[in-house]
Amino acid sequence: MKLLSQSKLGFGMMRLPRGEDGEIDLVRTGKMVDDFLAKGFTYFDTAYVYNGSEVAVRKALVERHPRESFTLASKLPGWLMEKKEDADRLFEETCTRLGTDYIDFYLLHNVTDEHLEMYDKFDCWSWAKQKKAEGKIRHFGFSSHGTPEMLDKVLTDHPEVEFVQLQINYFDWENEKVKAKEMYDVVAKHDLPVVIMEPVRGGSLASLPDEPAGLLKKADPDASIASWAVKFAASLPQVMTVLSGMSDEAQVADNLASLSDFKPLDAEQSKMLLDIAGILRSYPTVPCTGCKYCVDGCPMKIKIPAVISALNHQRMFGSSPVADKKYTDAVKDGGKASECIGCGACASACPQGLDIPELMKEAAAVFER
Ligand code: SF4
Ligand code: SF4
C-alpha cells in the first residue's frame with residue numbers, strides 16, 4: 001500500500017466552537033490547534049462548503065504556525081460548478097481563504113453517483129492531475145458517501161487517486177445503508193489508504209444508553225465512551241488518518257488521550273463494539289449524522305438535524321423535559337416541524353437516505369402536542 005505518511009488523528013474543522021454571535025471563536029480554536037500540534041499531530045481537514053471554516057483555519061493555524069509544521073486538506077464542491085473553469089476558481093478561493101499556495105491533500109467532495117456525473121463532465125480528474133503537476137496539490141483523493149459498486153468503478157477508472165475518505169464507525173460498519181465495511185474493503189482491494197470521517201458518528205457514539213455504556217465502562221472504567229469509537233476506526237489496518245470534528249477543548253483532550261501512544265483494539269474489543277452496534281440498532285432511532293447537508297435547501301428554515309436529534313432522544317429515552325428542551329432549542333431560531341410543507345428538498349440531499357418529511361410529522365406530533 002502506498003500509505004501516505006500522516007499522523008493517525010486528524011482535526012476535522014467542520015464544527016468549530018462559535019460565540020453567541022454565531023462567529024467561529026478564533027481564540028478557542030487557536031488554543032485547540034496549539035494543543036493538537038503540541039502532541040505531534042499535523043492533519044487539518046476543512047472544505048470550501050464548511051461555513052467560515054477555511055478562513056478560521058487560516059487565522060487559527062496557517063498565520064500562527066510554520067507552513068511545513070502541518071498539512072491541510074480541503075475539498076472541491078463539484079455541485080457548485082457550472083463550467084470547467086470553476087474548478088480553478090473554487091480552488092484559488094480555497095487557497096486565498098486558507099492563506100496558502102498549495103494544498104497537501106485535495107479531495108473531490110462527496111463523490112456519489114449523482115455528483116460523479118459532474119466530476120466526470122468537467123473532467124476534474126485531469127484537472128487534479130494538472131494541479132498536482134504544478135505542485136499546487138500534493139496528494140489527490142476524494143470523499144464519498146456513495147455505494148461500494150460506484151467506488152470500485154471510480155478507483156478502477158482513476159489510478160491517479162491516492163487516498164479515499166469514508167464514513168466509518170462501529171455503528172455503520174454493518175449498517176445496510178452506509179455499508180462502511182464494504183466501502184472500506186473496496187479501498188483495501190485497491191490498496192489505497194483511507195481517511196476516516198465520522199468515527200463518532202457526528203457525536204452520536206459519544207454517549208450511549210445505560211446498557212451499552214455499562215459494557216464499555218466495565219471493559220475500561222477510565223476510557224470515555226467516545227474514545228472507543230475513535231479507537232475502533234484507528235485500529236483498521238488501511239487507515240491513514242481518523243478525522244474527528246472537534247468543537248471544544250474537552251473533545252481535543254479526549255481524542256489526544258485516545259490516540260497518543262495508540263495501541264490497536266484486539267479482536268475481542270472490536271467484537272464488543274460490533275455487538276454494541278447491534279444493541280443500538282435494536283433501538284428505533286434515526287441514523288442522522290448531523291452533516292447538515294439538508295439544512296440550506298429547506299424553504300421553511302427548519303433546523304432538521306436538531307429536530308431529529310430531539311426526536312431520537314425521545315425515541316430512546318421516552319418523553320421527558322430533556323427531550324422537550326432539545327426540541328425547543330432546535331426551533332428557537334428556525335421553523336417548527338409542523339411548518340414542513342413536504343417539498344422533499346431535504347430528503348434528496350440526505351446521504352443517509354432519511355425520509356425527513358415523515359420525521360417532521362412525527363416530531364410535530366410528539367413535541368407540539
Ligand atoms: S420537506 Fe419539510 S423539512 Fe424538508 S426541505 Fe421541505 S419544508 Fe424543509
Ligand atoms: S437529516 Fe440527513 S442530511 Fe440532514 S443532517 Fe441528518 S444525515 Fe445529514
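Both counts, for ligands and for their atoms, begin at 1 and track the order of listing.
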Notebook entry, point to check: Is the ring centre of W228 less than 6.0 Å from the ring centre of Y170?
Noted result: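 No, ring centres 6.0 Å or more apart.
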Any idea which protein heavy atom is nearest [atom], and the distance to it?
| atom | answer |
| --- | --- |
| atom 8 (Fe) of ligand 2 | C291 SG, 2.4 Å |
| atom 7 (S) of ligand 1 | I341 N, 3.5 Å |
| atom 2 (Fe) of ligand 1 | C340 SG, 2.4 Å |
| atom 6 (Fe) of ligand 2 | C288 SG, 2.3 Å |
| atom 4 (Fe) of ligand 1 | C346 SG, 2.3 Å |

Note to self: Taking 4.0 Å as the limit for heavy-atom contacts, which would you say applies to P357 with ligand 1: side chain only, backbone only, both, or neither?
What the structure shows: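 Near ligand 1, P357 shows its side chain, while the N, CA, C and O stay back.
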Residues [X] and [Y]: side-chain donor-acceptor under 3.5 angstrom:
| X | Y | answer |
| --- | --- | --- |
| T46 | S74 | no |
| N110 | S143 | no |
| K8 | Y43 | no |

Next item on the list: Would you please classify the geometry between the F11 ring and the F44 ring as parallel, tilted or perpendicular, with 30° and 60° separating the classes?
Entry: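 The arrangement is parallel - the two ring planes meet at less than 30°.
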Item checked: Intermediate values then yes/no, side chain to side chain contact (heavy atoms under 4.5 Å, CB included), V154 and W125 -> CA-CA 10 Å; V154 172; W125 310 97; 3.5 Å; yes
For ligand 2, which atoms sit closer than 4.0 Å to a heavy atom of [X]?
| X | answer |
| --- | --- |
| P351 | 3 (S) |
| Q352 | 7 (S) |
| I356 | 1 (S) |
| P305 | 5 (S) |
| I308 | 1 (S) |
| K292 | 5 (S), 8 (Fe) |

Note to self: So that I can check it, does any N, O or S atom in C298 come closer than 2.8 Å to atom 8 (Fe) of ligand 1?
What the structure shows: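 Looking at C298, which is the residue asked about, there is an N, O or S atom under 2.8 Å from atom 8 (Fe) of ligand 1.
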Next item on the list: Report, as yes or no, whether the 6.0 Å neighbourhood of atom CD on E134 holds more than 12 heavy atoms from other residues, nucleotides or ligands.
Entry: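 Result for CD/E134: enclosed.
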Checklist line | Test item: V195 and D45 side chains (from C-beta on) under 4.5 Å apart, heavy atoms | finding: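 When only atoms from C-beta onward are counted, D45 and V195 do not touch, as no gap falls below 4.5 Å.
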Item checked: Beyond-backbone contact of M360 with I308, side-chain heavy atoms, under 4.5 angstrom ->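 The answer is yes; the side chains approach within 4.5 Å.
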Next item on the list: Could you tell me which atoms of ligand 1, counted from 1 in the order shown, lie closer than 4.0 angstrom to a heavy atom of M300?
Entry: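 Contacts of ligand 1 toward M300, numbered from 1: 7 (S).
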